[in-house]
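Below, read A as the first sequence line, B as the second, and so on, with proteins coming before strands; counting in each chain starts at 1.
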2 protein chains.
Amino acid sequence: MPENPKPDGRQTAERRAQRASLVGVAEAVGVSPSSVSNAYNRPDQLSAELRERILRTAAELGYPGPDPTARNLRRGRSGSLAMVFPERLPYPFTDPYAMLVLRGVAEGLAEAQQALMLVPGSPDQEADEGAVRNAAVDGFIVHSLLEENALFQVALARQLPIVVVDGPQVRGLDCITINDRAGTRAAAAHLLELGHQRIGVLTTRLTGHTNTGPVPPDERHLAVGIARQRLEGCAEAVLAAGLSWDDTVVMECSMTSVEAGHAGMRALLDTDPQVTGVVAFSDLIAVGARQAAAERGLMVPFDISIVGFDDVAQFENLTTIRQPAAEKGRLAVERLIELLSGAPQVPKHQVLPTELIVRGSTAPPPVLSRAAAR
Amino acid sequence: MPENPKPDGRQTAERRAQRASLVGVAEAVGVSPSSVSNAYNRPDQLSAELRERILRTAAELGYPGPDPTARNLRRGRSGSLAMVFPERLPYPFTDPYAMLVLRGVAEGLAEAQQALMLVPGSPDQEADEGAVRNAAVDGFIVHSLLEENALFQVALARQLPIVVVDGPQVRGLDCITINDRAGTRAAAAHLLELGHQRIGVLTTRLTGHTNTGPVPPDERHLAVGIARQRLEGCAEAVLAAGLSWDDTVVMECSMTSVEAGHAGMRALLDTDPQVTGVVAFSDLIAVGARQAAAERGLMVPFDISIVGFDDVAQFENLTTIRQPAAEKGRLAVERLIELLSGAPQVPKHQVLPTELIVRGSTAPPPVLSRAAAR
DNA sequence: CGCCTTTACTATAACGTTCCAGATCCCGTC
DNA sequence: GACGGGATCTGGAACGTTATAGTAAAGGCG
């Protein structure tokens, strides 16, 4: 036995046979590993003849080229960015808004020649922070997480560059948002200007916990993140119109989906049958709300008006607040790349514009009070 | 000078200060690196007291936990899978069918606790095969590539497990498809059974190259991949009905989009004004086709019938061939995980079922010949 | 002919882990 | 009192690269 077994249990030669590595190729050609590395990464550092010879032998040996992981370790870069969502992995593919953001990210990434890593998370379980802890990436784009979310905390602990989209807004972090307050303020104001006197609100989740039902006035300040901003926007418009915010019913939907909007609207109509105008914090919720209204015999916009948010329900003819979702993604990538470039940067908070898009789901309220008519 | 400069230009001590590593923590605590590693990975291998002490010091030093890249190198696994598309990165976020596949992949991945890496590619340029060459992943899911595509070749060269979705079908590779031929055969047969005598076909790209316009009979055999299968399905149905395949107009659309379908339909109507039934190889194309028909004053389904493919146009009331897109993604992941588990596997080809969904875009042809009526 | 530059290639030391095989100690047991 | 054995912890060699500095040979120039 010329060779004695190595600690790792396999003999070097045997290992070599399994799968060619860079030094394997080097030995076969009879040059140093550096030259093989250069053949792949810096063609100008060696003669064309040698390079040719190296690549040929590599092909013969079935060497698949430098191992990305080893290269990343040595270089200290991985060439890919991670995107983190608060929900399970399939979520971004079910919510058209999240998809638009993702699409923007994808567009930005394509230019930057980086890959995108989607890390699975779950809303409730802290079980699998593992995925974000173990993601071999250069930076994070964090979408719509709450500050106390475990996923977010783990991402922070990684000490990598982070760009936050849609909150949370944290000390030294870059952040890209819209002015959510102004958005819903415009939505509510639109209804009020049309003459509506009784507004209802269908909000997305107010906190990290799943909750459903009417939100009493004294609990509204507990809302966090985007929902809080949007709620405040509604309040501002309602108060500016001289109406009572406390008497305005706010209904919390269990999630951002058509079904949850449907259920929320039913509850809203049960709680306050006099509502003639509804501000929904998502187009999906608005679509569900319209269905629920129709089931009660209420025609949109003649009997009741609905304003959505995001402008993602293409075929629904919905009055809504448009926000540049894809742009958020693009900017996030752009910014992250800047951060990665190493130049020290002061954190930036970019606020993107929103726009009220008036379509066919809003109109003046019925002339006769609906309550009287019934 | 007690320490002389290290070759890499930075002194070890200085380096340590920059960012704590596992050995840095080990030194600080006064234990071996192995113990620190175990503190993170195998809590049962050390006393609770020591583990506690290690984690505390790690926190003090700001050590972010074991570096994923180094860990991956050592372990020989990266914990993430890559998905490769033939188009630029944003593409899967624009085509609802691709999105559904992606969503299925995401669902499968969530269960398997793996991350998903989306690698950018481009249809024409071979410039950035780099992304797939450098992706630090354990395996590939390759979607709808052609065999000669550079991206596909590079993925093959990586010698990692590969699962192919929607072709190409290659020697020892696992593959998940539907019976595309049977799908379009059913679509065309449906029209023929309704009584249509003159069928038109709107096909997706037939080859790797962008091409538009009518496909003469003697060029149809040049089609590759899925488009070829689907074309053959149409031919079979047409011939079985006793009609002439050579006289059936086949129009190639530049890409899979509403706009391209619109343009394709215009060209189809120009080429063969007598068509009363159209088989489109994608719902997006079908939607565009209907628009183009409407512009010519042709009402669907009264003047002309259209069958789509994929069943992804939710609001369009389209007769279509449904295929289990998300299921494809789920199965691909499942299979890939199996391959990664190491047990030697014989390659499997899974063929998923399709289903004709009859909705409002098909009807018997107009009783009077349209040509006569005009 | 000595000196300086360029070209082509190499030696060496990291990058930050984890795995495997011990080494040490303490305890109970025959 | 020797022995087996679990519980803890350590040593050292990989994993597969690449950056940096350096060497040797070849060419240019006064």
Side-chain angles (χ1 to χ4, degrees), chain A residues 3-16 18-27 29-51 53-54 58 63-79 133-134 136, chain B residues 3-16 18-27 29-51 53-54 58 63-79 133-134 136:
Chain A
E3 301 219 17
N4 47 349
K6 295 292 189 299
D8 250 322
R10 339 175 239 212
Q11 301 199 347
T12 312
E14 171 193 326
R15 181 86 194 83
R16 286 277 154 66
Q18 283 182 15
R19 178 179 275 258
S21 83
L22 192 141
V23 312
V25 176
E27 283 171 12
V29 184
V31 295
S32 85
S34 308
S35 290
V36 179
S37 175
N38 286 333
Y40 284 96
N41 302 307
R42 309 186 176 177
D44 56 318
Q45 293 292 307
L46 33 51
S47 65
E49 184 270 332
L50 178 56
R51 180 174 134 90
R53 196 149 52 95
I54 288 174
Y63 174 62
D67 178 85
T69 302
R71 174 203 299 246
N72 291 345
L73 174 60
R74 174 62 231 218
R75 288 204 174 148
R77 279 273 166 116
S78 81
R133 204 193 310 279
N134 298 332
Chain B
E3 302 217 17
N4 45 352
K6 297 291 191 298
D8 250 320
R10 339 173 239 214
Q11 303 197 345
T12 312
E14 169 193 330
R15 182 85 194 85
R16 287 275 153 68
Q18 283 182 16
R19 179 177 273 259
S21 82
L22 192 142
V23 310
V25 176
E27 281 170 13
V29 184
V31 296
S32 85
S34 307
S35 291
V36 180
S37 175
N38 285 335
Y40 284 95
N41 303 308
R42 308 186 177 177
D44 56 318
Q45 293 293 307
L46 32 52
S47 63
E49 185 271 331
L50 178 56
R51 181 174 134 92
R53 196 150 53 94
I54 288 175
Y63 174 62
D67 178 86
T69 302
R71 176 203 297 248
N72 291 344
L73 174 60
R74 174 63 232 219
R75 287 198 176 156
R77 278 274 166 116
S78 81
R133 204 193 313 276
N134 299 331

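Taking only distance into account, the side chain of S34(A) meets the base of dA11(C) through a donor-acceptor pair shorter than 3.5 Å. No N or O donor and acceptor, one from the side chain of T69(B) and one from the base of dG16(C), sit under 3.5 Å apart. Side-chain atoms of R74(B) and base atoms of dT18(C) include a donor and an acceptor less than 3.5 Å apart.
At whole-Å resolution of the value, CD in Q45(A) and C1' in dG22(D) are 14 Å apart. In this structure, the CD atom of E27(A) is 13 Å from the P atom of dG16(D), given to the nearest Å. Between the CG atom of D67(A) and the C1' atom of dT18(D) there is a distance of 13 Å, rounded to whole Å. Distance N72(A) CG to dC15(C) P: 16 Å, rounded to the nearest Å. Atom CG of L46(B) and atom P of dC19(C) are 14 Å apart (whole Å). The distance between atom CG of L50(B) and atom P of dA7(D), rounded to the nearest whole Å, is 16 Å. Regarding L22(A), its CG atom lies at a distance of 18 Å from the P atom of dA14(D), rounded to whole Å. Protein atom CD1 of I54(B) is 12 Å distant from nucleotide atom P of dT18(C), rounded to whole Å.
The residue S47(B) sits close only to the backbone: its heavy atoms come under 4.0 Å of sugar-phosphate atoms, none of a base. At a threshold of 4.0 angstrom between heavy atoms, the contacts of N41(A) are confined to the sugar-phosphate backbone, with no base atom among them. Looking at heavy-atom distances under 4.0 Å, R51(A) makes no contact with the nucleic acid at all. At the heavy-atom level, L73(B) lies under 4.0 Å from base atoms of the strands shown. Heavy atoms of Y40(A) sit nowhere under 4.0 angstrom from any nucleic acid atom.
Taking 4.5 Å as the limit, some side-chain heavy atom of S32(B) sits within range of a side-chain heavy atom of S35(B). For the pair V36(A) and V29(A), the minimum side-chain heavy-atom distance is 4.5 Å or more. Residues L46(A) and I54(A) are in side-chain contact: their nearest non-hydrogen atoms beyond the backbone lie under 4.5 Å apart.
When distances are taken from the side chain of R42(A) to each of dT10(C), dT17(C), dA19(D), the shortest belongs to dA19(D). For S37(A), counting side-chain heavy atoms from C-beta on, the closest listed nucleotide (dT17(D), dT18(D), dT17(C)) is dT18(D).
An OP1 or OP2 oxygen of dG16(C) is reached within less than 4.0 angstrom by no side-chain nitrogen or oxygen of R71(B). Between S32(B) and dT10(D) there is a side-chain polar atom (N or O) within less than 4.0 angstrom of OP1 or OP2.
Smallest separation of non-hydrogen atoms from P64(A) and A20(A): CD-O, 4.2 Å.
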Let's go through D67(A) and S21(A) carefully: what are the C-alpha distance in whole Å and the side-chain angles of both, what is the deciding distance for side chain to side chain contact (heavy atoms under 4.5 Å, CB included) to 0.1 Å, and is it a yes or a no? CA-CA 8 Å; D67(A) 178 85; S21(A) 83; over 6 Å; no

